[in-house]
Amino acid sequence: ADEAGPHDEL
Amino acid sequence: MNVFRLTGDLSHLAAIIILLLKIWKSRSCAGISGKSQILFAIVFTTRYLDLLTSFISLYNTSMKLIYVGCAYATVYLIYVKFRATYDGNHDSFRVEFLIVPVGGLAVLINHSFAPLEILWTFSIYLESVAILPQLFMISKTGEAETITTHYLFCLGLYRALYLFNWVWRFYFEGFFDMIAIVAGLVQTVLYCDFFYLYVTKVLKGKKLSLPA
């Protein structure tokens, strides 16, 4: 998937 | 979570701690670019605003708090506590040449035109170039303390490990984030010259000094 957050990486 | 992601995060953490300890123990921030450290504080602040809106895991939340806390502590040490040792004359990179284009790019190319998402994108783009004032400073003075090179190595290694993490996640989870991947590639490439010097000089016990 290439989409907006939430982002789980730091 | 995979091994590349975890070691990447730990490498990032190591870099941050090495820098804080170096400044604290030597009571000096000589050779450290305060501008790069301000940029990293901006990066963490704009990226981790989602601490207020979404919970991912205890690991995620605590690492974010540690990173952002350490970033501000580093800026405080450089610009307040050990200000007398800050080498401002050699820290002359013009950061507006990074912030303005990066801000424009974040508005133009993002996953979603929402405030938090644009700030996240801005932080990803800014992180990829935030080390430039530090590298510029080293090229200007022609040398770096060995402990500073360990810091830079860990910091560069972290994004390189994230590249492997993204390959892993694409292969096993079908997950990819093009913005993070492209910025991460740029970020890693910027360290390549330094990696070469680190391996050929510092790891052989020599100080990192550039030919005049």
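Only a predicted model underlies this, so the values are computations on that prediction, with no experimental measurement involved. So that the names make sense, note that chain A is the first sequence line, chain B the second, and so on, each numbered from 1.
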*Counting only heavy atoms not in B:F164, do more than 12 fall under 6.0 Å of its CZ?*
no
*Is it true that A:D8 and B:R5 make a salt bridge, defined as a side-chain N closer than 4.0 Å to a carboxylate O?*
no
*Step through the shown structure and confirm whether more than 12 heavy atoms of other residues, nucleotides or ligands are within 6.0 Å of CZ on B:F55.*
yes
*asked:* Between A:L10 and B:Y59, is the side chain to side chain contact (heavy atoms under 4.5 Å, CB included) condition met? List the steps.
replied: CA-CA 10 Å; A:L10 301 164; B:Y59 171 84; 4.3 Å; yes
*Report the C-alpha separation of B:E117 and A:E3 in whole Å, then their side-chain angles, then the decisive distance to 0.1 Å, and conclude whether the side chain to side chain contact (heavy atoms under 4.5 Å, CB included) test is met.*
CA-CA 10 Å; B:E117 189 61 24; A:E3 57 194 30; over 6 Å; no
*Is it the side chain or the backbone of B:F170 that comes within 4.5 Å of chain A heavy atoms, both, or neither?*
neither
*Determine, step by step, whether A:E9 and B:N165 satisfy the side chain to side chain contact (heavy atoms under 4.5 Å, CB included) criterion, reporting the C-alpha distance in whole Å, the side-chain angles of both residues, the deciding distance to 0.1 Å, and the verdict.*
CA-CA 10 Å; A:E9 293 180 338; B:N165 159 53; 3.0 Å; yes
*Does CZ in B:R83 sit with more than 12 non-hydrogen atoms of other residues, nucleotides or ligands closer than 6.0 Å?*
no
_Neighbour count >12 (heavy atoms, 6.0 Å) for atom CZ, B:F172_ = yes
*chain A heavy atoms under 4.5 Å from B:Y48: which part of the residue, side chain, backbone, both or neither?*
side chain
*Mind checking whether A:H7 and B:I124 have side chains closer than 4.5 Å, heavy atoms only?*
no
*Going by residue number, which parts of residues 64-76 of chain B are within reach of chain A, meaning a heavy-atom gap below 4.5 Å?*
B:K64, B:Y67
_Under 4.5 Å from any heavy atom of chain A, what part of B:D9 do you find: side chain, backbone, both or neither?_
side chain
